[in-house]
2 protein chains.
Amino acid sequence: MVLITVDHNSKIPLYRQIREQIIREITAGNLKPGESLPPSRLMAGMLEVNFHTVNRAYECLRDEGLIKLSRGKKYTISSAVRSPKDMEDFETIERAVIAEALAKGLDATDIMQIVKKQLRTQKHVRS
Amino acid sequence: MVLITVDHNSKIPLYRQIREQIIREITAGNLKPGESLPPSRLMAGMLEVNFHTVNRAYECLRDEGLIKLSRGKKYTISSAVRSPKDMEDFETIERAVIAEALAKGLDATDIMQIVKKQLRTQKHVRS
DNA sequence: TATATGTTCTATATGATATAGAACAATGAG
DNA sequence: CTCATTGTTCTATATCATATAGAACATATA
């Protein structure tokens with residue numbers, strides 16, 4: 001079972017928080033390809049949010065190719081496919097994030113150190 | 001002189017676009033510490049946006065410590081100070097960005113390659 | 001058939017975004 | 001000193017995103 005929480009006081013939209021936590025569970029290896037997510041109404045009950053909000057998170061993940069609808073109308077984790085578009089998206093975001101870090105005085109060493117640490121912490125293989 | 005453009009059709013708020021372009025100019029070395037930004041009313045005229053919108057971007061950058069008000073009521077580029085909080089902020093963002101990349105199937109090699117490329121492209125020293 | 005589940009539609013409330021105008025305080029130029 | 005410049009603050013309005021809510025529908029499983 002997946003443990004997900006949301007912060008109603010955060011400035012980050014609820015559906016985004018849900019989406020990002022699911023992504024976190026995938027990279028942590030707690031959600032593996034083929035496993036299914038809880039029904040939106042059930043997930044909504046646990047998180048104490050409206051089921052439309054959970055649905056929106058699921059729709060995002062589906063549009064991003066991270067989950068897909070399968071038999072029984074359940075969303076299941078997709079097998080990851082490294083696509084050129086995903087590479088471009090990552091590069092675009094990374095460009096902005098690194099620009100901000102550099103502007104704030106971090107140097108290449110600081111940045112490399114943090115990136116390596118995150119890769120070490122998060123790296124998991126998907127079948 | 002700094003060349004900045006905004007896209008009125010983008011989903012990214014205008015004041016964010018302005019803020020990010022200024023950050024880009026700083027890391028590109030086109031804006032150096034001590035140099036001043038155009039008055040908000042002038043910048044607004046060039047960008048064809050309201051001057052309150054430019055003001056909001058300037059306020060963001062001021063709150064982030066990237067610019068400061070100096071004599072003549074002009075905003076000037078600050079000298080970068082690498083603070084622990086900035087390191088933490090970067091790590092928080094990087095954690096989420098890398099999680100998404102990994103979830104989409106990119107591997108550590110892909111990520112390192114793109115990060116290194118961005119550092120190579122953007123790295124500039126600030127006095 | 002009956003239940004579960006995602007989907008679609010309408011509706012409402014709140015906050016963020018963007019524009020706008022007016023007035024004020026502090027600063028530098030003349 | 002006087003005046004224009006510039007950032008700041010206030011009110012106001014319009015639009016869009018977010019979040020909740022309820023209802024009805026289609027499909028798949030039991």
Euclidean distance, atom [atom1] of residue [X] to atom [atom2] of [N] [Å, nearest integer]:
{"X": "A:Leu69", "N": "C:dT7", "atom1": "CG", "atom2": "C1'", "value": "10 Å"}
{"X": "A:Asn9", "N": "D:dT18", "atom1": "CG", "atom2": "C1'", "value": "15 Å"}
{"X": "A:Glu59", "N": "C:dC9", "atom1": "CD", "atom2": "P", "value": "12 Å"}
{"X": "A:Tyr58", "N": "C:dT5", "atom1": "OH", "atom2": "C1'", "value": "11 Å"}
{"X": "A:Asn55", "N": "C:dT8", "atom1": "CG", "atom2": "C1'", "value": "11 Å"}
{"X": "B:Ile12", "N": "D:dA17", "atom1": "CD1", "atom2": "P", "value": "14 Å"}
{"X": "B:Ile67", "N": "D:dT6", "atom1": "CD1", "atom2": "P", "value": "15 Å"}
{"X": "A:Arg56", "N": "C:dT8", "atom1": "CZ", "atom2": "P", "value": "13 Å"}

Polar contact flag, side-chain donor to acceptor under 3.5 angstrom, B:Ser83-B:Asp86: yes
What is the nucleic acid contact for B:Arg62, judged by heavy atoms within less than 4.0 Å: base, sugar-phosphate only, or nothing? sugar-phosphate
From the list [options], which nucleotide is the closest neighbour of the side chain of [X]?
{"X": "A:Leu14", "options": "D:dG7, C:dT5, D:dA19", "value": "D:dA19"}
{"X": "B:Lys73", "options": "C:dG6, C:dG28, D:dG7", "value": "D:dG7"}
{"X": "B:Lys74", "options": "D:dT8, D:dT6, D:dA19", "value": "D:dT6"}
{"X": "A:Asn50", "options": "D:dG7, D:dT20, C:dG21", "value": "D:dT20"}
{"X": "B:Thr53", "options": "C:dA18, D:dT29, D:dG7", "value": "C:dA18"}
{"X": "B:Arg41", "options": "D:dT8, C:dT19, C:dT17", "value": "D:dT8"}
{"X": "B:Tyr75", "options": "C:dT19, D:dT8, C:dT7", "value": "D:dT8"}
{"X": "B:His52", "options": "D:dT20, D:dT8, C:dA20", "value": "C:dA20"}

In this structure, CZ of A:Arg16 is separated from CZ of A:Arg56 (nearest 0.5 Å) by 10.5 Å
When A:Arg71 and A:Phe51 are each assigned the nearest nucleotide of DNA chain D, the 5'-most assignment goes to A:Phe51
Taking the nucleotide of DNA chain D with the closest heavy atom to each, which residue, A:Pro13 or A:Gly72, is nearer the 5' end? A:Pro13
Measure the shortest side-chain to side-chain distance between B:Leu3 and B:Asn30 over non-hydrogen atoms and say whether it is less than 4.5 angstrom. no
Among B:Glu64, B:Lys85, B:Met87, the one residue meeting side chain to side chain contact (heavy atoms under 4.5 Å, CB included) with A:Lys104: B:Glu64
Joint hydrophobic cluster, B:Leu14 plus B:Tyr58, side-chain heavy atoms closer than 4.5 Å: yes
